[in-house]
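A quick write-up on the structure given underneath.
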Amino acid sequence: MVFAVASTHAQGPGLAFFKRDSVRHLKAWHVVSPIALADSIPVDTAHVNFQDVNAIDRYSIANSYNGNLGSPLQSKLYFDRPFNSPFIFADAYDPYVRRPDNVTFYNTKGPYSRLEYLGGIAVNYRDEDNVRFLFTANANKRLNFGLELDYTRAIGEYENQSTKRLSGDLFASYDGRRYSASGAFMFNKMDNYENGGLANPDDLHGDNLNDPQVLPTRLQGPGYSGYSYNAFVYNHSYSLGFERKVQVSEDSVRVDFVPVTRFAHTLKLAEQRKRYLEPTADTAFYANTYFSPTTTRDTAALQTISNTVSVSIEEEFNKWMQFGLTAYLTNDIERYTMMSDSATLQRTNRSRTKVGGVLSKQRGTHIKYNINAELDVLGAQAGDFRLTGDLSGFFRLWRDSVAITARGAMSNESPSFFQEQYSSNHFRWHNDFNRTYRTQVGGTLAIPTKRTRLDVTFENVSNLIYYDRNALPQQFDGSTQVLAVNLKQDFRFWRFFLENNVVYQFTSRPEILPLPTITLYHNFYYLDQWFKVLDVQFGIDLRYHTAYYAPDYMPATGQFFVQDEVRIGNYPVMNLYLNFHLKQVRFFVKWYHFNQSFMEGDYYSMPRYPINPNTFRMGISWNFYN
């Protein structure tokens, strides 16, 4: 494996203001599917913009959610959303889930641990607690193990809005000269009450605003949603190669191992489960009730066994043909479970086999590229294909360094199992959808010295699947185009910084794919070091998007569906914050949504679901290196 030593990561121009923190020779990486490559990442010790450490703010600059930390969520930026999930009920919990592709592995010369707490500090604020813990250590210079936990408990400001979540992973890795391996067990359990949103949207400006929990909601009794994802992954590889002598000095020679061919195998075991319960079935809120008019106990699940084997010709061994080439084969065995009536479960077994290849060049300073092609050859999805590629170039323009990346993608994929068939107490459907064909082109221009980054992406989708006004899946027989222009431009004057992120989105079919035209994020702050040891940041940030017919949310299925009755937007959310960083401790205090105390307007995240009123929040993070 090849690693870069990780260091402090922060967003915005403040990243370069301080000297980078020492992370005591700590390396961190993710394992990239499907060929089990280690991809180095920064270690999370950022103290600039630490106030945005929560999962919602880190996921996207604009989100639709139920107003509470840990609640179901969908980004309002199209290209920030997950696509083609085999389990449709997982999408709403995407920001919170630990999966094989986002588990972090470490290698460190000494034990490293981190403890974080986020919460509220106002008397009238209903509890919201988020506790995170990380411990990792090396048994020797090659073998590492660790544990990561993330617990959230949030009661929420409105009735029947509370959430509870426990996620984590046990991980271990071995980085040998020829043999490397990494494995992890991930667990995720998320529970949230459902209230259907406020019964009367005008209540947001009524006399009871000081006690939001008394406001009536649409569901007559509380609904209860649960999602769980448990998985085990084991990646291992063996490399064939030769030893090469490297002259270190006149009297010293180092012997390096140069890999030529790498054989890899990945095993994944996973189970996902979605539940929806009602102690008393709400026949007024839901248009249909199929199983029981008294109680609802819906369940759906997906169990997967996946094996991937690959053979790679490594890039670094050949000076004349500097690229890597990989061929791989993946087999997935899947079991789908759903209700057939109130007391019987229906199970369906399927399998799929895919072949693929990767051509890449990641070494060097001027040109890098990566091309991945994949084809389903056996199973229910035989004939599906995916093709992705990117090309990056680096050059100097006068005194500036410029990076340009071109991207392209093409796919033709079958609908997921639950998009075609589903059965529950309030919803059922049986569809025969066509494949969805996507083509995407895009590019990025970055000038780090000017603090400029421009990203443009265009996508054409044929046979788009969406959820209609009845929250049922439908397929549009035609083409839908989406254009997104994402500009980040930051400024600095003395010790003052201004971060700007402007996103323009165009959708050719807003009736089936609604998106806000303009989305803004601005962050103005003062950044300095006091007494030579205390880093201080204080400022104000703003999030805003233009009004549009934002999707509604269906509690029973956890899906976001189109509506044309209520426009959401044209309301800024502003926060005041103060960050401190002293040696190994980070701390922040934030007045969240402070403009609600003096500004009129509807602060809805989506129809009938308001965000929290103004509250005070705080957070602390402590790193330990022994």
Side-chain angles (χ1 to χ4, degrees), residues 1-6 25-41 100-101 103-109 138-145 171-184 233-268 307-330 355-374 389-394:
M1 295 183 185
V2 178
F3 301 101
V5 176
H25 305 288
L26 183 65
K27 301 175 183 178
W29 69 93
H30 292 158
V31 175
V32 179
S33 296
I35 56 178
L37 282 177
D39 183 19
S40 297
I41 61 171
D101 61 350
V103 169
T104 303
F105 296 95
Y106 296 88
N107 189 288
T108 179
K109 289 188 176 182
N138 271 52
N140 53 52
K141 68 177 182 178
R142 298 189 182 277
L143 178 63
N144 175 275
F145 60 91
F171 58 87
S173 62
Y174 176 82
D175 183 22
R177 193 173 191 181
R178 293 179 180 269
Y179 181 78
S180 297
S182 61
V233 61
Y234 184 68
N235 307 284
H236 58 134
S237 63
Y238 185 83
S239 296
L240 301 177
F242 60 90
E243 294 182 342
R244 175 186 293 166
K245 294 182 179 180
V246 179
Q247 192 78 32
V248 179
S249 64
E250 184 177 350
D251 301 321
S252 177
V253 175
R254 184 182 73 240
V255 177
D256 290 346
F257 175 73
V258 180
V260 176
T261 304
R262 186 175 70 98
F263 300 90
H265 170 244
T266 298
L267 169 66
K268 294 179 185 178
N307 282 278
T308 299
V309 293
S310 63
V311 180
S312 302
I313 299 175
E314 300 286 26
E315 178 181 341
E316 56 262 46
F317 89 96
N318 193 326
K319 293 183 178 181
W320 305 106
M321 300 179 64
Q322 293 185 351
F323 61 83
L325 185 63
T326 300
Y328 64 89
L329 173 70
T330 298
V355 296
V358 178
L359 176 66
S360 66
K361 180 183 182 297
Q362 298 302 317
R363 294 177 175 270
T365 57
H366 297 293
I367 299 294
K368 297 181 180 181
Y369 56 83
N370 186 81
I371 302 172
N372 189 342
E374 189 174 83
D390 60 77
L391 173 66
S392 300
F394 305 87

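Residue numbers count from 1 along this sequence. Computation of the quantities below employed the complete heavy-atom set of this structure, encompassing side-chain atoms and omitting hydrogens, waters and symmetry-equivalent molecules.
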**OP:** Give a yes or no on whether the backbone of Gly357 and the side-chain of Glu374 come within a donor-acceptor separation of less than 3.5 Å.
**Re:** no

Original post:
Parallel under 30°, tilted from 30 to 60°, perpendicular over 60°: which one fits the rings of Tyr179 and Tyr174?
Top reply: tilted

Original post:
Any donor-acceptor pair under 3.5 Å linking the side chain of Asp175 with the backbone of Ser180?
Top reply: no

Original post:
Rounded to the nearest 0.5 Å, how far apart are CZ of Arg262 and CG of Leu240?
Top reply: 12.0 Å

**OP:** Could you verify whether a donor N or O on one side chain and an acceptor N or O on the other, from Thr266 and Thr308, lie under 3.5 Å apart?
**Re:** no

**OP:** Output the distance between atom NZ (Lys27) and atom OG (Ser40), rounded to the nearest 0.5 Å.
**Re:** 8.5 Å

Original post:
Nearest 0.5 Å, what's the OG-NZ distance between Ser392 and Lys368?
Top reply: 8.0 Å

**OP:** Could you grab the distance from atom CG of Leu143 to atom OG of Ser173, nearest 0.5 Å is fine?
**Re:** 7.0 Å

Subject >> Which atom of Ala172 lies closest to which atom of Phe105, heavy atoms considered >> reply: O-CE2, 3.7 Å

Subject >> N/O donor-acceptor pair under 3.5 Å between Gln362 side chain and Tyr369 backbone >> reply: yes

**OP:** Determine, for Glu243 against Arg254, whether the closest basic-nitrogen to carboxylate-oxygen distance falls under 4.0 angstrom.
**Re:** no

Subject >> Side-chain heavy-atom pair Leu359, Phe323 within 4.5 angstrom cut-off >> reply: yes

**OP:** Let me know which of Asn107, Val103, Leu37, Asp39 forms a side-chain contact (heavy atoms from CB on, under 4.5 Å) with Trp29.
**Re:** Asn107

Original post:
Are the aromatic rings of Phe171 and Tyr106 close, with centres under 6.0 Å apart?
Top reply: yes

Subject >> Distance-minimising heavy-atom pair for Tyr234 and Ala181 >> reply: OH-CB, 3.6 Å

Subject >> Check: Ile367 main-chain N/O paired with Lys361 side-chain donor or acceptor under 3.5 Å >> reply: yes

Subject >> Atom pair CZ (Arg177) and CZ (Arg142), whose distance is rounded to the nearest 0.5 Å >> reply: 8.0 Å

Subject >> Residues Thr326, Ser312; criterion side-chain hydrogen bond (donor to acceptor under 3.5 Å, both in side chains); working and verdict >> reply: CA-CA 4 Å; Thr326 300; Ser312 302; 2.7 Å; yes

Subject >> Shortest non-hydrogen contact between Ser239 and Glu314, atoms and distance >> reply: OG-OE2, 4.4 Å

**OP:** Run the numbers on Asn138 and Asn144 for side-chain hydrogen bond (donor to acceptor under 3.5 Å, both in side chains), then give the verdict.
**Re:** CA-CA 4 Å; Asn138 271 52; Asn144 175 275; 2.7 Å; yes

**OP:** I would like to know whether His265 and Asn307 meet side-chain hydrogen bond (donor to acceptor under 3.5 Å, both in side chains); could you show each step before the answer?
**Re:** CA-CA 7 Å; His265 170 244; Asn307 282 278; 2.9 Å; yes

**OP:** Dump the intermediate steps for side-chain contact (heavy atoms from CB on, under 4.5 Å) on Phe242 and Val260, then the final yes or no.
**Re:** CA-CA 8 Å; Phe242 60 90; Val260 176; 3.7 Å; yes

Subject >> Heavy-atom side-chain contact between Thr330 and Ser310 under 4.5 Å >> reply: no

Subject >> Distance, nearest 0.5 Å, that separates CG of Asn370 from CG of Asp390 >> reply: 5.5 Å

Subject >> Validation row: Val358, Ile35 side chains within 4.5 angstrom (heavy atoms) >> reply: yes

Original post:
Regarding Ser33 and Lys268, is there a side-chain donor-to-acceptor distance under 3.5 Å anywhere?
Top reply: yes

